[in-house]
Amino acid sequence: MRFSQLLIPTLKEDPAEAEVISHKLLLRAGFIRKLTSGSYTYLPLGLAAIRKVEKIVRQEMNAAGAQELLMPMVQPADLWQESGRWQEYGKELLRFQDRHNRDFCLGPTHEEVITDLARKNIHSYKQLPVNLYQIQTKYRDEARPRFGLMRGREFIMKDGYSFDATDQGAEETYEKMKYAYHRIFTRCGLNFRAVEADSGAIGGSFSHEFMVLAETGEDTVVICKSCSYAANMEKAVCMPSSAATDVAPKEVEKIETPGKRKVAAVCDFLDITPNRLVKTLVYMVKDEPLAVLLRGDHEVEEVKLANLLGVSDEEIRLADDKEIFDATGTPSGYLGPIGLRIKSVADQEIAAMVNFAVGAGEKNFHLLNVNMGRDFSPTMSGDIRKVTAADRCVLCGGELKLTRGIEVGHIFKLGTKYSEALGATFLDDQGAEIPFIMGCYGIGVSRVVAAAIEQHHDKDGIKLPAAIAPVQALVLNLSPKDDEISRAALDIYQQLQQKDIEVILDDRDERPGIKFKDADLIGIPMRITVGKSFTKEGMIEVRNRASGDTLTMPLTEVVSTVADLLAAAIL
RNA sequence: CGGGGCGUAGCGCAGCCUGGUUAGCGCGCCUGCCUUGGGAGCAGGAGGCCGGAGGUUCGAAUCCUCUCGCCCCGACCA
């Protein structure tokens, strides 16, 4: 490929529409162009990078025993009505009608279609397990598309679905996929963590998100500095503190605290730190009020609270001031656990506290030296708060770090949710009719490219890992009008091609500076420069974009050197 | 969906508040000269219904109303 003939519209300045680095660089390097909010055209270089990721995904999925297929993107409403998601899915599902006024949607995911396929074509345990995947453009009518390829409405996704006869089989399949995902993201050159995610009703550790660690990530991830523990906020376990045993409980003392309602104001007034105070929040759980007791400096993690209560997180919400007063007879700000007439849940941390302050359950009063067990007993207790960087790792006791992550993959044990809803069953070896045990496994292919750029760039441009760079080598002919230089550049270009190394020859009639700048911007791993030093000394420069290492050598050594360096760079 | 910001040449922006000849600047683009190891220089040139509609006015890029689009924060989403 000749640079002069490729469409690589690089930009010298940052586009006004881009905020995050990957978005800016993808536009500047001529990888993508926006058509409309959330949809992008993949230009030749951008598409080539996506194809590289797809290739790795295919290799690893196939190696893990999965088979590729391709399902329709337009899906009939009936299937979604059968699963119940036509109502549940909300506005992200882009719906429309055909000429016969039949309802359809653009596929944001394919559980319904694949389950329909399975129920029609898989009938016996002898056919199981089956693991199917596709790589396809998905459409989600996102409320707010943002950050270029990071959160588009249209994006390329690998989605896979497994069907097993038994729970154990499904769990084995899950582990295989988890392993394959580790290989895929490692080969893509990403710094990532597989984090335990909330798996809602199914429970157990059967949902993992694969998070690329990057400041621009939309999710917060908790990772241990010492071991491999990693989890997202909804799932991250707080290790309980041990109770202080050397402090004697004191007498409860009632103090007037006029107008002091917020934690900060109360602590300030009482001259204590927030970790010596227990705040009492009120949640509405399916319209029932519930008091939630939490240390003053902690925050509720609603997903964990919902899980403890055995309800979905959509069924709980904070009560408003009126609901609080109606339920407790106390205005918000002075609520306390003593004398409460509604049920209560205490965060486990409170058990470790001695002589703490609480609201008195009476306007303008607080109590000091309160102790759980002696002065009140909550209905329930458990881990219901968000972890903080001050917490310790549940596995090894090491220090935790809160960091941001980009979700590039998600694996999930689905169980029988869809197979039951759609009546997708098979006969087991006893002749019994059983629903398939399913799993689903997604990878945001286009998002992987954006995430990789977030992790691999510098002030000059993109530094994609060789495994997913659009092409591997770029030969710069610095003087296209000089026959000797042009001949040498062409020679190297052709030799690299013969070795099956993807290469672009920059044969443009431009000044050297422009070629160097563009080379840095688009970030091809190996840059081979043929210029004056070749005519003068017979030397050619080979430069590694990622490391910046530069070697000078005679023409005869160039091709083998580049081949060796690339072989070392690609896993 | 709530809040904020922006739409003027391919890209980045000024002009708008305080209406007034042919609407500017930088980059890019085209032609020529020159230059050729880090986005050079000189000369000439093309390119805009100032997002759209309506209104106010003798006169609107500029003021008012509506509308469409894009971006950011939040909500939502996995």
Side-chain angles (χ1 to χ4, degrees), chain A residues 7 9-20 23-24 27-28 30 33-40 85 88-94 108-109 111 138-148 150-153 155 157 159 195 197-200 207-211 216-219 232-235 302-303 313-314 317 405-412 414 440-444 447 459-461 476-482 485-486 489 506 508-522 527-537 539-541 543 548 550 552:
Chain A
L7 182 62
T10 58
L11 301 170
K12 199 181 275 190
E13 292 171 285
D14 279 339
E17 69 185 52
E19 199 73 18
V20 302
H23 190 191
K24 285 180 185 173
L27 288 165
R28 282 193 56 205
R33 282 295 181 268
K34 182 177 69 187
L35 176 64
T36 182
S37 181
S39 340
Y40 292 84
R85 290 208 289 181
E88 283 168 24
Y89 210 90
K91 289 187 182 168
E92 263 188 45
L93 188 64
L94 185 64
T109 179
E111 282 84 4
K138 290 284 187 284
Y139 198 94
R140 292 182 189 172
D141 196 358
E142 288 283 346
R144 184 149 92 85
R146 63 189 115 171
F147 304 153
M150 211 80 91
R151 179 173 291 268
R153 290 196 290 191
F155 59 98
M157 181 170 170
D159 51 323
V195 310
D198 176 57
S199 47
S207 178
H208 283 83
E209 291 172 342
F210 288 76
M211 310 292 293
T216 42
E218 295 184 85
D219 305 277
N232 68 16
M233 291 300 283
E234 289 88 55
K235 181 83 181 186
E302 294 190 359
V303 173
D313 59 340
E314 282 151 26
R317 62 175 174 84
I406 301 165
E407 182 189 344
V408 290
H410 196 168
I411 58 176
F412 208 102
L414 279 177
C440 71
Y441 319 93
I443 291 180
R447 188 185 274 186
K459 65 173 173 45
D460 295 314
L476 299 189
N477 175 350
L478 289 192
S479 303
K481 286 173 181 158
D482 181 308
I485 289 173
S486 296
D506 192 345
R508 292 176 299 168
D509 184 20
E510 295 285 358
R511 296 169 57 84
I514 289 177
K515 298 190 181 186
F516 286 129
K517 288 292 182 188
D518 276 345
D520 289 344
L521 224 205
I522 65 182
R527 187 186 77 189
I528 299 112
T529 309
V530 188
K532 257 190 188 146
S533 53
F534 178 68
T535 41
K536 282 184 184 161
E537 299 128 38
M539 299 300 268
I540 284 164
E541 180 195 278
R543 182 183 166 91
T550 307
T552 321

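Below, chains carry the letters A, B, ... as their sequence lines are ordered, and counting in each starts from 1. All values derive from a computational prediction rather than experimental measurement.
Looking only at distances, a side-chain donor or acceptor of Arg447(A) sits under 3.5 Å from a matching main-chain atom of Met150(A). Looking at Lys91(A), its side chain never comes within 3.5 Å of a backbone N or O of Asp141(A) through a donor-acceptor pair. Remark: the backbone N or O of Pro480(A) is paired with a side-chain donor or acceptor of Ser486(A) at under 3.5 angstrom. The closest donor-acceptor contact from the side chain of Arg28(A) to the backbone of Leu11(A) lies under 3.5 Å. Distance alone, capped at 3.5 Å, places no donor-acceptor pair between the Arg151(A) side chain and the Arg146(A) backbone.
Base pairing analysis places G44(B) opposite C30(B); the two distances defining the Watson-Crick or G-U wobble pair are each below 3.5 Å. Within the shown strands, nothing qualifies as a pairing partner of U22(B) under the Watson-Crick or G-U definition with both distances less than 3.5 Å. The partner of G2(B) is C73(B), judged by Watson-Crick or G-U wobble contacts that both fall below 3.5 Å. Both distances falling under 3.5 Å, in either a Watson-Crick or a G-U wobble arrangement, occur for no nucleotide opposite A60(B). Across all strands shown, C68(B) is found opposite G7(B) as a Watson-Crick or G-U wobble partner, with both distances under 3.5 Å. Under the Watson-Crick or G-U wobble criterion, with both distances below 3.5 Å, G39(B) has no partner in any strand shown.
Atom P of nucleotide C11(B) and atom NZ of Lys24(A) are separated by 18 Å, given to the nearest angstrom. Per the geometry, CG belonging to Asp509(A) stands 13 Å off P belonging to A40(B), to the nearest Å. Atoms CD1 (Ile522(A)) and C1' (G39(B)) sit 14 Å apart, rounded to a whole Å. Rounded to an integer number of Å, the gap from Arg28(A) CZ to G28(B) P is 14 Å. Rounded to an integer number of Å, the gap from Leu476(A) CG to G39(B) P is 14 Å. Atom CG in Leu11(A) sits roughly 8 Å away from atom P in G12(B) (whole-Å rounding). One can place NZ of Lys34(A) at 12 Å from P of G69(B), the figure rounded to the nearest angstrom. Atoms CZ (Arg85(A)) and P (C77(B)) sit 14 Å apart, rounded to a whole Å.
You won't find any donor-acceptor pair under 3.5 Å spanning the side chain of Glu510(A) and the base of G39(B), going by distance alone. Looking at Ser479(A), its side chain has no donor and acceptor atom pair within 3.5 Å of the base of G37(B). For Asp14(A) against G12(B), a side-chain-to-base donor-acceptor contact under 3.5 Å is absent. Between the side chain of Arg527(A) and the base of G37(B), no donor-acceptor pair of N or O atoms lies under 3.5 Å. For Arg144(A) and C76(B), a side-chain-to-base donor-acceptor distance below 3.5 Å is absent, hydrogens and geometry of angles not being considered.
Minimum atom distance to the side chain of Glu13(A) is reached by C11(B), of the listed G28(B), C11(B), U36(B). Nearest nucleotide to the Arg140(A) side chain, out of G37(B), G38(B), A78(B): A78(B). In this structure, the nucleotide among C13(B), A78(B), C71(B) sitting nearest to the side chain of Ala16(A) is C13(B). Listed nucleotides G37(B), G38(B), A78(B) differ in distance to Glu541(A); the shortest reach to its side chain belongs to G37(B). Closest contact between the side chain of His410(A) and the listed nucleotides C77(B), A78(B), G37(B) involves A78(B). Side-chain proximity of Phe516(A) to the nucleotides G12(B), G37(B), G39(B) is greatest for G37(B). Considering only side-chain atoms of Lys481(A), the nucleotide from A78(B), C77(B), U35(B) that sits closest is U35(B). Closest contact between the side chain of Ala143(A) and the listed nucleotides C76(B), U36(B), G39(B) involves C76(B). Here the nucleotide nearest the side chain of Arg146(A), chosen from A75(B), A78(B), A40(B), is A75(B). Relative to the side chain of Arg151(A), the nucleotides G37(B), C73(B), C77(B) differ in distance, and C77(B) lies closest.
Of the P atoms belonging to C76(B) and G69(B), the separation is 24 Å, rounded to the nearest Å. With P as the reference atom, G41(B) and C66(B) are 48 Å apart, rounded to whole Å. Nucleotides C25(B) and U18(B) place their P atoms 27 Å apart, quoted to the nearest Å. Spacing between A40(B) and G28(B) at atom P, rounded to whole Å, works out to 7 Å. Rounded to a whole angstrom, the distance from the P atom of U57(B) to that of G47(B) is 36 Å. Rounded to whole Å, the P atom of A78(B) lies 28 Å from the corresponding atom of G4(B). Nucleotides G74(B) and U65(B) have their C1' atoms positioned 29 Å apart, rounded to a whole Å. Comparing U22(B) with G10(B), their C1' atoms are spaced 24 Å from each other, to the whole Å.
The CG atom of Leu27(A) sits 6.5 Å away from the OH atom of Tyr40(A) when rounded to the nearest 0.5 Å. Interatomic distance, CG of Leu476(A) versus CD1 of Ile540(A), reported as 11.5 Å (0.5 Å rounding).
The phosphate of U35(B) (OP1 or OP2) has no side-chain N or O of Arg511(A) nearer than 4.0 angstrom. In this structure, Lys91(A) does not reach the C76(B) phosphate: none of its side-chain N or O atoms is under 4.0 Å from OP1 or OP2. Under 4.0 angstrom from either OP1 or OP2 of C70(B) there lies at least one side-chain N or O belonging to Thr36(A). Dashed line: the shortest gap from a side-chain N or O of Lys12(A) to OP1 or OP2 of C27(B) is not under 4.0 Å.
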Item to check | Derivation and outcome, side chain to side chain contact (heavy atoms under 4.5 Å, CB included), residues Lys517(A) and Thr10(A) | outcome: CA-CA 10 Å; Lys517(A) 288 292 182 188; Thr10(A) 58; over 6 Å; no

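Using a cut-off of 4.0 Å between Lys/Arg side-chain N and Asp/Glu carboxylate O, Glu541(A) and Arg527(A) are scored as salt-bridged.
If Arg508(A) and Pro480(A) are placed on RNA chain B by their nearest nucleotide, the residue sitting closer to the 5' end is Pro480(A). Residue order along RNA chain B, read from the 5' end via each residue's closest nucleotide, puts Gly38(A) first among Glu209(A) and Gly38(A).
Phe534(A) comes within 4.0 angstrom of no nucleic acid atom, judged by non-hydrogen atoms across all strands.
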